[in-house]
Amino acid sequence: PDTAPARAGAAWPLLGDAPSGAAAAVQEAGHAVAAYPDPAALVAAVDAGTPAPAAVLVPLTAPMSAERIATLLDGGVVGEGLTGVRLVAVTRGAVLATAGDDLDGLEPAAAWDAARTVQRAVPGRIVLVDVDGAGAELLPAAVAVAAAGDEPRVAVRDGRILVPRVRRAVPPAQADIPRAAAVPPAG
């Protein structure tokens with residue numbers, strides 16, 4: 001798969017009309033951004049001759065309803081028939097990716113969860129990228145990592161791009177296991 005939303009020399013398409021740091025992050029990385037207020041505007045641009053993008057950035061900003069997220073993701077470009085176009089849903093502080101993480105509130109987490117629900121319905125078409133406050137400048141690199149490795153979820157924390165992995169749990173030492181207190185039966 002392509003490793004950037006824009007084909008060589010084209011602007012990175014951004015879907016939605018909510019202000020976000022995604023456009024600034026992409027511009028700071030040296031790329032142009034083409035903003036489209038809704039999926040219909042992007043489809044109209046492609047129909048008018050703009051090359052179809054490899055992917056479209058979709059910032060999910062708070063407060064944004066689950067219905068709006070579903071419209072942008074599932075009912076949006078995916079539903080409009082732009083085959084091969086990936087949607088990159090971008091959140092900030094929505095998931096706990098490292099031991100020291102704090103959520104930016106429940107609204108970003110709810111946006112991530114709504115996007116995850118849509119992602120499950122259309123496997124391979126939606127990538128979720130969550131950035132921390134200091135990681136927005138790595139958004140273009142995170143999108144490239146997600147696309148190159150076919151990763152459905154990516155987080156940027158403290159200047160690092162992280163992908164989830166399952167690993168064997170290590171049981172705690174016997175001394176670390178709290179003993180259950182004896183509770184007398186009610187009666």
Side-chain angles (χ1 to χ4, degrees), residues 1-36 42 45-46 50-62 64 69 72-73 76-78 82 84-105 107-109 111-116 118-120 122-167:
D2 287 336
T3 59
R7 307 234 188 252
W12 283 40
L14 187 131
L15 190 62
D17 52 10
S20 74
V26 169
Q27 290 168 333
E28 286 173 15
H31 305 284
V33 173
Y36 300 93
L42 174 59
V46 171
T50 299
V56 177
L57 297 176
V58 185
L60 304 181
T61 56
M64 184 179 277
I69 292 168
L72 286 174
L73 297 179
V77 177
V78 173
L82 289 176
V85 174
R86 280 192 163 169
L87 299 175
V88 181
V90 182
T91 58
R92 171 171 267 150
V95 295
L96 301 176
T98 64
D101 274 357
D102 288 319
L103 293 178
D104 280 359
E107 289 173 336
W112 174 278
D113 189 51
R116 242 338 243 138
V118 177
Q119 184 186 48
R120 287 184 195 107
V122 286
R125 294 292 301 272
I126 298 172
V127 174
L128 302 177
V129 178
D130 188 64
V131 297
D132 61 6
E137 71 276 359
L138 289 178
L139 177 60
V143 171
V145 166
D150 205 23
E151 299 289 347
R153 294 177 307 281
V154 177
V156 177
R157 297 292 184 273
D158 298 321
R160 297 178 301 148
I161 300 170
L162 309 170
V163 294
R165 294 289 181 256
V166 177
R167 60 184 181 154

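Worth saying up front: this structure is predicted, and the values here are computed from it rather than measured.
Atom CG of residue Leu162 and atom CZ of residue Arg153 lie 13.0 Å apart, to the nearest 0.5 angstrom. The structure places OG1 of Thr91 at 5.0 Å from CH2 of Trp112, a figure rounded to the nearest 0.5 Å.
Partners of Arg120 according to the salt bridge (Lys or Arg N to Asp or Glu O under 4.0 Å) rule, which considers only residues two or more places apart in sequence or in another chain, do not exist here. Asp113 is linked by a salt bridge (Lys or Arg N to Asp or Glu O under 4.0 Å) to nothing, counting only residues two or more places apart in sequence or in another chain. With sequence neighbours left out, Thr50 forms a side-chain hydrogen bond (donor to acceptor under 3.5 Å, both in side chains) with no residue at all.
Closest heavy-atom contact between Val88 and Ala55: CG2-CB, 4.1 Å. Taking each heavy atom of Ala89 and Leu60 in turn, the nearest pair found is CB-CD1, 3.8 Å. Residue Gln119 comes nearest to Leu128 through the heavy atom pair OE1-CD1, 3.7 Å, listed as atom of the first residue, atom of the second, then distance. Listed here is the closest heavy atom pair of Leu57 and Trp12: CD1-CE3, 3.7 Å. Minimum interatomic distance between Pro53 and Val46 (heavy atoms only, all atoms of both residues): CD-CG2, 4.2 Å. Here the closest heavy-atom approach between residue Ala142 and residue Val156 is recorded as CB-CG2, 3.6 Å.
The shortest side-chain heavy-atom distance between Leu138 and Val131 does not fall under the 4.5 Å cut-off.
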Which pairs would a plain distance check flag for residues 94-101, meaning a side-chain donor or acceptor within less than 3.5 Å of a matching protein atom at least two apart in sequence or in another chain?
| unit_1 | atom_1 | unit_2 | atom_2 | d |
| --- | --- | --- | --- | --- |
| Thr98 | OG1 | Asp101 | OD1 | 2.9 |
| Asp101 | OD1 | Arg157 | NE | 3.3 |
| Asp101 | OD2 | Ala97 | N | 2.5 |
| Asp101 | OD2 | Thr98 | N | 3.1 |
| Asp101 | OD2 | Arg157 | NE | 2.8 |

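Salt bridge annotation for Arg165-Glu151: present, with a cationic side-chain nitrogen under 4.0 angstrom from a carboxylate oxygen. A salt bridge does not link Arg160 with Asp132: none of the charged nitrogens is closer than 4.0 Å to a carboxylate oxygen.
A donor-acceptor pair is defined here as one N or O able to donate and one able to accept, closer than 3.5 Å; no such pair exists between the side chain of Asp130 and the backbone of Ala155.
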Open item on the list: Could you go through Val127 and Leu87, starting from their C-alpha distance and side-chain angles, then the distance that decides it, and tell me whether this counts as side chain to side chain contact (heavy atoms under 4.5 Å, CB included)?
Closed with: CA-CA 6 Å; Val127 174; Leu87 299 175; over 6 Å; no
